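In what follows, residues are counted from 1 in the order of the sequence shown. Note that the coordinates shown come from a computational prediction; the quantities given were computed from them, not determined experimentally.
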Amino acid sequence: MGALTKLNHVCKRRGCLTLPCGPSPRTDERMLEAIGLPVHPSFDDCYALAMLSDLGQLPTLDYIPTQRNDSFASREAAEEHCLRMAEGFAADNRLPWDQEKMSQRIQQWLDASLVPDAQEPGRLTYATPRLSHWAFVSWNKR
């Protein structure tokens, strides 16, 4: 609440911010769920609206859809990327971590998900891009 209060205070006529919907956009929910790490929804957009309303503002909310498709130089690079992502997510959320078991699950997920990158020959990418949404919260200062 402190950061949003400060932002509202320094705004002269209008304020805005963007927030990711769901977990960090640096994580791939599809992979995390496939390997058994529970991903819980984030309600940061709703909290921002409630906090701004509590500050006497009338915020509006729009959503910005985005696509991302990571590209990897090799299968090993994709495995390392996914392993770091999953391990970091597990640590941030205080989830149990079994390196060997998670590595096997990630390899299975990559077997089903990786394809040659049509845009960059010699590289690998995911068969379907990762979709995510950003919340765009704005308000006119009252």
Side-chain angles (χ1 to χ4, degrees), residues 1-55 57-141:
M1 175 87 168
L4 198 49
T5 301
K6 288 178 186 177
L7 178 61
N8 184 59
H9 180 73
V10 299
C11 293
K12 300 219 184 295
R13 290 184 287 156
R14 188 163 170 78
C16 66
L17 62 107
T18 57
L19 301 162
C21 299
S24 166
R26 293 181 303 273
T27 60
D28 191 327
E29 289 180 67
R30 304 169 304 174
M31 185 269 298
L32 295 172
E33 289 173 353
I35 66 169
L37 294 178
V39 178
H40 302 290
S42 165
F43 298 104
D44 291 348
D45 51 338
C46 298
Y47 296 138
L49 291 177
M51 288 184 250
L52 286 164
S53 294
D54 191 48
L55 293 171
Q57 303 305 325
L58 298 172
T60 61
L61 175 64
D62 290 303
Y63 291 100
I64 304 166
T66 63
Q67 280 190 37
R68 177 178 177 162
N69 211 1
D70 297 318
S71 179
F72 306 99
S74 66
R75 166 69 186 236
E76 292 75 26
E79 288 177 26
E80 289 173 24
H81 172 80
C82 290
L83 197 55
R84 276 194 317 272
M85 181 189 306
E87 191 172 12
F89 181 84
D92 289 347
N93 291 279
R94 297 185 176 99
L95 299 171
W97 183 256
D98 179 330
Q99 182 84 13
E100 186 175 326
K101 182 168 64 170
M102 290 302 173
S103 182
Q104 289 173 351
R105 290 179 180 178
I106 287 170
Q107 289 176 29
Q108 290 171 346
W109 187 78
L110 289 173
D111 287 343
S113 303
L114 280 181
V115 296
D117 191 331
Q119 305 298 320
E120 298 184 57
R123 294 182 65 86
L124 298 169
T125 190
Y126 298 122
T128 57
R130 179 170 17 135
L131 305 176
S132 62
H133 288 82
W134 289 83
F136 178 76
V137 180
S138 62
W139 65 100
N140 292 320
K141 193 83 180 264

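The two residues Leu95 and Pro38 make their nearest non-hydrogen contact at CD1-CD, 4.0 Å. Taking every heavy atom of both residues into account, Leu32 and Ala86 meet most closely at CD2-CA, 3.8 Å. Taking all atoms of both residues into account, the shortest heavy-atom contact from Ala73 to Ala77 is N-CB, 4.4 Å.
By the side chain to side chain donor-acceptor pair (under 3.5 Å) test, Thr128 is found to be paired with Arg30, residues two or more places apart in sequence or in another chain being considered. Partners of Leu110 according to the side chain to side chain contact (heavy atoms under 4.5 Å, CB included) rule, which considers only residues two or more places apart in sequence or in another chain, are Arg75, Ala78, Glu79, Cys82, Ile106, Leu114, Tyr126.
For the atom pair Asp28 CG and Asn69 CG, the distance stands at 9.0 Å (nearest 0.5 Å). If you take CD on Gln107 and CG on Asp111, they are separated by 7.5 Å, rounding to the nearest 0.5 Å. Atoms CG and CG, on Leu17 and Leu19 in that order, are 4.5 Å from each other to the nearest 0.5 Å. Atom NE2 of His133 and atom OG1 of Thr66 lie 7.5 Å apart (nearest 0.5 Å). Distance check, rounded to the nearest 0.5 Å: CD1 of Ile35 to NZ of Lys101 gives 10.5 Å.
Within a 6.0 Å sphere centred on CD of Gln99, heavy atoms belonging to other residues, nucleotides or ligands number more than 12.
Under the 4.5 Å side-chain criterion, counting only non-hydrogen atoms from C-beta, Leu37 is in contact with Met102. Considering only heavy atoms from C-beta on, Cys21 stays 4.5 Å or farther from Ser132 through its side chain. Side chains of Trp134 and Pro25 form a contact here, defined as non-hydrogen atoms less than 4.5 Å apart. The shortest distance between side-chain heavy atoms of Arg14 and Cys16 does not fall below 4.5 Å. For the pair Asn140 and Leu58, the minimum side-chain heavy-atom distance is 4.5 Å or more.
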Can Leu124 and Asp117 be said to form a side-chain contact (heavy atoms from CB on, under 4.5 Å), step by step? CA-CA 5 Å; Leu124 298 169; Asp117 191 331; 5.9 Å; no

Would you sort out whether Val137 and Thr60 count as a side-chain contact (heavy atoms from CB on, under 4.5 Å), showing the intermediate values? CA-CA 6 Å; Val137 180; Thr60 61; over 6 Å; no

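With respect to the salt-bridge test (charged N to carboxylate O, under 4.0 angstrom), the residues Asp70 and Arg130 qualify.
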Tabulate below the donor-acceptor pairs under 3.5 Å that side-chain atoms of residues 1-13 make, not counting sequence neighbours, or state none.
from	atom 1	to	atom 2	distance (Å)
Thr5	OG1	Met1	O	2.9
Asn8	OD1	Trp139	NE1	2.9

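Judged by distance alone, the side chain of Ser113 and the main-chain N or O of Trp109 form a donor-acceptor pair under 3.5 Å.
Classified by interplanar angle (parallel below 30°, tilted 30° to 60°, perpendicular above 60°), the ring pair Phe72/His81 is tilted.
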